Amino acid sequence: MPSLMMKSLYFLIFSIFISISSISCQKYHPLDPLSPSEFILIKTIVHKAYSTSNHNLTFQYVGLDEPEKSTILSWQTKPATKPPARRALVHARLNKETLEIIVDLSTRSIFSEQRHLGSGFPMLTLEEQTNANILVLKYGPLIKSVKDRGLDMSQVYCSSFTAGWYGEKKAERVIKIQCFYTNGTANLYVRPLEGILLVVNLDEMKIVEYHDRLRIPLPKAEGTEFRASRLRRPFGPWLNGVAVAHEPGFEMDGHTISWANWKFHLAFDARVGVVLSQASIFDLDKNKYRRVLYRAYVSELFVPYMDPTDDVYFKTFFDCGEFGFGQSAVPLVTSADCPANAKFVDAFYAGPDGTPVNISNAICIFERHAGNILWRHTETAILGEEITEARADVSLVVRMVSTVGNYDYILDWEFKPAGSIKFGVGLTGVLEIKGVTYTHKDQIKEDVYGPLLAENSVAIHHDHFLTYHLDLDVDGEANSFTKTTLVTKRQSSNSVNAKHITPRKSYWTTETEIVKNESDAKLKLGLRPLELAVINPNKRTKVGNHIGYRLLPGPAAIPLLSNDDYPQTRAPFTNYDVWVTPYNKSEKWAGGKFVDQSRGDDNLEIWCHRNRNIENKDIVLWHTIGFHHVPSQEEFPVMPTLTGGFELRPTNFFENNPVLKVKTSKLHVPGSNCTTHL
Ligand SMILES: *[C@@H]1O[C@H](CO)[C@@H](O)[C@H](O)[C@H]1NC(C)=O
Ligand SMILES: *[C@@H]1O[C@H](CO)[C@@H](O)[C@H](O)[C@H]1NC(C)=O
Ligand SMILES: *[C@@H]1O[C@H](CO)[C@@H](O)[C@H](O)[C@H]1NC(C)=O
Ligand SMILES: *[C@@H]1O[C@H](CO)[C@@H](O)[C@H](O)[C@H]1NC(C)=O
Ligand SMILES: *[C@@H]1O[C@H](CO)[C@@H](O)[C@H](O)[C@H]1NC(C)=O
Ligand SMILES: *[C@@H]1O[C@H](CO)[C@@H](O)[C@H](O)[C@H]1NC(C)=O
Ligand SMILES: [Cu+2]
């Protein structure tokens, strides 16, 4: 979705080496995100190497080129030895070409360089989008169109939208621009100047197309405001802020976080945002940490809009690969985005000139005391005694919010003492609005591609598909993926073996299959009774069950676009809710490496054509959760959060309840335990 130009004002360009001392004394981890000083070093090395071609080189993406998993794991067993080489992956544009450069920070040199000759372009920088949005404001034909509509140019703001790919042979790096009218509202996305569309060539920073097709009344500013300072009475309901008595009980050593029985590494990447690594859980019986998850992050977020007309059809966004989910992260607001006692972490990415940009308070970490029950039981059968045991549930949440133009995505990673990791997503922000002539539903006799939410304002139907990369290492790398089907069995009364005939006619039981190859692992989940797990086929509990983790899937939303429609050919990884691939360091992003204007030749679906063996291998689980979004009036002018998510939950991983012997501190708030009668 579009880049909001105002956003860059929040960011402070971080200048030079201040933080080095504080960083170098922290414990080093090979998966640590690139630090501000490392970004500066990368910039220096790249500029030196490409000095002949001057500094027109732009850094589109700079991220950690992580060492191979085997290298990291073997180094961790003998940390006194030399750590794995520290390298960065740079996607750069130079002279209208895309370069894929690997920089070696240890030797301060270019490790490898490749020109990308295939289809697709790298992630867009926020600055080039802002520049394009500002460039068009001086364009004569646009100024004339605005004047012709009787509007004031000083109230016009423009926003950029990736162009997608619709079979064009010629590959020019372009972006489409749509303009909006503010005039007293901060909610510009709901006031489109319908009919006006510009195309800007980003390599030349030149307007290459201009359209003014329609005259549609501008949706009203009235009723679109969301700033508390501009809203008028009546207000309500009154909500108490989040009161938390505790200091969050976690420790952070470098980027490694320990909390309750969990330990994990937290990193940040410009393209995908939060990256969790090496999550392990302490097992009281075995008196050691056991491995669960090697790496997890949102690898792509596909958002196709369902309006095939001239000014909208191209709106089929890949928020990670095109806009950068991490780059779009915003500073979090204490006591609203996160509870008052949350701990905040700053995040960094490379700006277009390679200089680090600081997103302050990009991530927050807090304990969630949601008033839930961890487990309980009341026993009344023992005469003369009533036994009640109850334990309060507490979890640790890592949160990030990414604002990709009009939409805000809240991403939560929640660690639970009982062994689950919950992945949550919240959708909020402003809907994509299309201006129409209609002011009442009864006037509409055609398909307008979404519901009318206010006069002259249609909110376009769309989807959100989030594809998570989940590299589980359940008690080690060698894992298998199992499908357990619940099947109905008939109980036959004349069965020869039936010793006791009961009146029951049926029951269900389980049939488990170890999935052998990639093609058998891709699944469309419906309402089928199916249990999915990643198990360690080489390890069993004392009573013989395979050690494993279950996937409790999130909302499944099978794509409704036809398979031959361009956006769907670029996002075939959404055709299934679950995929399993063997670990391969370079298969990181479900949408492929170069997603802007990609042509569907590099993505998760293509990789799986090899139909590799996945049994007793180091495997990666990919899970897509989806939302078909039919907007409603409550979502205007700004949308209350809609949430979804999924869970990884231990299944025969522990010998018994891992929180049986949990100790909780009881807080007593005076006057809080009063009882009334119903
Ligand atoms: C660098 O970019 C500027 C502005 O687009 C252009 O005028 C100049 O020719 C470019 N230089 C090279 C060497 O490409
Ligand atoms: C802009 O807002 C002012 C003040 O509310 C109003 O008088 C004017 O008509 C508005 N102009 C347009 C073009 O909406
Ligand atoms: C990032 O920005 C925040 C807020 O301005 C500041 O407190 C912090 O020191 C900055 N971090 C670095 C490394 O500059
Ligand atoms: C995948 O493995 C299954 C056995 O689990 C086998 O029946 C199937 O033919 C294999 N698929 C391919 C395409 O090899
Ligand atoms: C890893 O994946 C890439 C991209 O799919 C492929 O080109 C490469 O051959 C794979 N490497 C191995 C060892 O399978
Ligand atoms: C509240 O709980 C405390 C401690 O258990 C107890 O002493 C007190 O009597 C309770 N008050 C009420 C109103 O139940
Ligand atoms: Cu939506």
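Quantities reported herein were computed from a predicted structural model and do not represent experimental measurements. For this chain, numbers begin at 1 and follow the sequence in order. Side chains are part of it too, since the values below use all heavy atoms of this structure and drop only hydrogens, waters and symmetry mates. Counting convention: from 1, in listed order, for ligands and their atoms alike.
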Please confirm if an N, O or S atom belonging to M639, backbone or side chain, lies less than 2.8 Å from the Cu ion (ligand 7).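 It does not: M639 brings no N, O or S atom closer than 2.8 Å to the Cu ion (ligand 7).
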Apply side-chain hydrogen bond (donor to acceptor under 3.5 Å, both in side chains) to residues T624 and E300 and explain how you reach the verdict. CA-CA 9 Å; T624 297; E300 194 50 271; over 6 Å; no
Among all protein non-hydrogen atoms, which one is nearest to atom 2 (O) of ligand 2, and what is the separation to 0.1 Å?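 Protein heavy atom at minimum distance: N183 ND2, 2.5 Å.
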Starting from the C-alpha separation in whole Å, work towards a yes-or-no answer on side chain to side chain contact (heavy atoms under 4.5 Å, CB included) for L276 and L266. CA-CA 5 Å; L276 291 183; L266 173 63; 4.1 Å; yes
Under-4.0 Å heavy-atom contact between protein and [atom]:
{"atom": "atom 7 (O) of ligand 2", "value": "no"}
{"atom": "atom 4 (C) of ligand 2", "value": "no"}
{"atom": "atom 14 (O) of ligand 2", "value": "yes"}

Any N/O of S360 closer than 3.5 Å to an N/O of ligand 3?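 No.
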L151: numbered ligand 2 atoms lying under 4.0 Å from its heavy atoms: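 So the atoms of ligand 2 that pass are 13 (C).
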Does R227, at its CZ atom, have more than 12 non-hydrogen atoms belonging to other residues, nucleotides or ligands within less than 6.0 Å?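 Buried by this count: over 12 neighbours within 6.0 Å.
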Suppose we only allow N, O or S atoms; which atom of H464 ends up nearest to the Cu ion (ligand 7)?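 Result for H464 and the Cu ion (ligand 7): NE2.
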The Cu ion (ligand 7) - name of the N/O/S atom of H629 that sits closest to it: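 For H629, the N, O or S atom at the smallest distance from the Cu ion (ligand 7) is ND1.
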On the ring face of W165, is R570 found with NZ or CZ under 6.0 Å from the centre and within 45° of the axis?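 No, R570 does not lie over the aromatic ring of W165.
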Quick one: does NZ or CZ of K434 land under 6.0 Å from the six-membered ring centre of Y449, within 45 degrees of the ring axis?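 No - K434 does not lie over the ring of Y449 by the 6.0 Å and 45° rule.
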Take D346 and S360 through the test side-chain hydrogen bond (donor to acceptor under 3.5 Å, both in side chains) and record every step on the way to the result. CA-CA 4 Å; D346 300 334; S360 63; 4.8 Å; no
One pair to check against ring-ring contact (aromatic ring centres under 6.0 Å, His included): F180 and Y157. What are the steps and the verdict? CA-CA 5 Å; F180 302 85; Y157 290 88; 9.7 Å; no
Need the ligand 3 atom indices (1-based, order shown) with element for anything under 4.0 Å from a heavy-atom of N358.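 In order of number, 1 (C), 2 (O), 3 (C), 8 (C), 10 (C), 11 (N), 12 (C), 14 (O).
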